[in-house]
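Read the structure below first, then the notes.
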Amino acid sequence: MASASTSVNDANILDTIPEDRPSNERMPRNTSLQRWWDDMALRSPSSRSDSSGGRSTVGISSVRQPDSTAATPTRQQRPCPKVAVAILVVVLAVVVAVGIFFIVDTSRTQSSEPTGVDKDPPPESDIPKPSDEPNQTPQDEVEIDILLEQTSGDALMDKNSPQSMARKWLLEEDPAQVSIRVDGEERVLQRYALSVLYFALDGVNWKTGDFLTGASECDWTGVTCNDDGMDELLDLPALGLKGSIPPEMAELSFLESIVLSENEIS
């Protein structure tokens, strides 16, 4: 069946070969009839009319060309999901940036406000007030007076005596305001005896100012105390002391050594 069909087609093609084609133009060997016919058609673009039917014959290789002007169907445009995601990210970034801007601006405004002034000062009832009540009560002063009278006796009656000046300083001028009730009898007596020594040996003109202060008497110049705060050593050489050692120094029961060399002690 295939060989018969091929021969029929070849015969039809041979019928369409123009008669005016030169006889020397023969189909080359090893060339298919279809290819040879196409080559011949290119060489002779004119067509001839069939004598029997009057029909025009064209090359079998003619192919209908598609119409370029025909409208081609277009696909419906759909939004790309990547574009939508990108737009959403940009919007979120703008919102976050605006929020950060407002937060930073608010913090700067608050930091620029003066910090030295309290907006809501505490009520007066919450503000601690200094106590006007002295450490020494009238009862404490009475107890100290009794102790000093037992120690110095009538010497306290003379306002110009070292004992009277030491008593006045201890009760009226001493910032520590010691008392027998709080500090004990020995501590009060020790502070009083060193005060009498100061006034008896012209302490105002001493070459040191660290004596007879509001600090503990253990911190005064030349005074060394034990662990219990009692005076063990009194070392005051070459400080310009003048006068006589008062008898109240005998009350320093823990005193082991006293150095008053290079002074004017009588």
Tell me if a side-chain donor or acceptor on [X] pairs with a main-chain N or O of [Y] at a distance below 3.5 Å.
{"X": "D228", "Y": "M230", "answer": "no"}
{"X": "N263", "Y": "G240", "answer": "yes"}
{"X": "D158", "Y": "A155", "answer": "no"}
{"X": "D140", "Y": "T137", "answer": "yes"}

L88: hydrophobic cluster co-members (side-chain, 4.5 Å):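 Once heavy-atom contacts under 4.5 Å are chained together, L88 belongs with L92.
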
Taking atom [atom1] of [X] and atom [atom2] of [Y], what is their separation to the nearest 0.5 Å?
{"X": "L234", "Y": "L252", "atom1": "CG", "atom2": "CG", "answer": "8.0 Å"}
{"X": "E264", "Y": "L241", "atom1": "CD", "atom2": "CG", "answer": "9.5 Å"}
{"X": "E173", "Y": "L212", "atom1": "CD", "atom2": "CG", "answer": "8.5 Å"}
{"X": "L147", "Y": "R167", "atom1": "CG", "atom2": "CZ", "answer": "12.0 Å"}
{"X": "S253", "Y": "E186", "atom1": "OG", "atom2": "CD", "answer": "5.5 Å"}

Partner residues of E262 under the side-chain contact (heavy atoms from CB on, under 4.5 Å) criterion, sequence neighbours left out: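 E262: side-chain contact (heavy atoms from CB on, under 4.5 Å) contacts with A238.
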
Quick one: list whatever passes side chain to side chain donor-acceptor pair (under 3.5 Å) with [X], sequence neighbours left out.
{"X": "D210", "value": "none"}
{"X": "R187", "value": "E217"}
{"X": "T221", "value": "T208"}
{"X": "D183", "value": "none"}

Please check if [X] and [Y] belong to a single hydrophobic cluster, counting links between Ile, Leu, Val, Met, Phe, Trp and Tyr side chain heavy atoms closer than 4.5 Å.
{"X": "M157", "Y": "L170", "value": "no"}
{"X": "I180", "Y": "F254", "value": "no"}
{"X": "L189", "Y": "I146", "value": "no"}
{"X": "L239", "Y": "L201", "value": "yes"}
{"X": "W220", "Y": "L233", "value": "no"}

Derivation and outcome, side chain to side chain contact (heavy atoms under 4.5 Å, CB included), residues L255 and E232: CA-CA 4 Å; L255 185 61; E232 292 181 335; 5.9 Å; no

Inter- and intrachain pairs under side-chain hydrogen bond (donor to acceptor under 3.5 Å, both in side chains), touching residues 148-157, at least two apart: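 Every pair satisfying side-chain hydrogen bond (donor to acceptor under 3.5 Å, both in side chains) with a residue in residues 148-157: S152-Y192, S152-E248.
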
Pairwise side-chain hydrogen bond (donor to acceptor under 3.5 Å, both in side chains) hits with a residue in residues 235-246, at least two apart: S244-S266

No-hydrogen, no-angle side-chain donor-acceptor test under 3.5 Å, D219 and S216: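 Checked: D219/S216 side chains show no N/O donor-acceptor pair below 3.5 Å.
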
Side chain to side chain contact (heavy atoms under 4.5 Å, CB included) between Q177 and L171, worked out: CA-CA 7 Å; Q177 294 187 345; L171 294 177; over 6 Å; no

Does anything in [range] pair up under disulfide (SG to SG under 2.5 Å), and if so which pairs, sequence neighbours excluded?
{"range": "residues 151-190", "value": "none"}
{"range": "residues 230-266", "value": "none"}
{"range": "residues 154-222", "value": "C218-C225"}

Nearest heavy-atom neighbours spanning R191 and A176: NH2-CB, 3.7 Å

Heavy-atom pair of closest approach, residues A166 and V196: CB-CG2, 3.5 Å

Set of residues satisfying ring pair (Phe, Tyr, Trp, His ring centres under 6.0 Å) with respect to W206, sequence neighbours excluded: Y198, F211

Derivation of the side chain to side chain contact (heavy atoms under 4.5 Å, CB included) call for V188 and I144: CA-CA 8 Å; V188 173; I144 291 175; 4.2 Å; yes

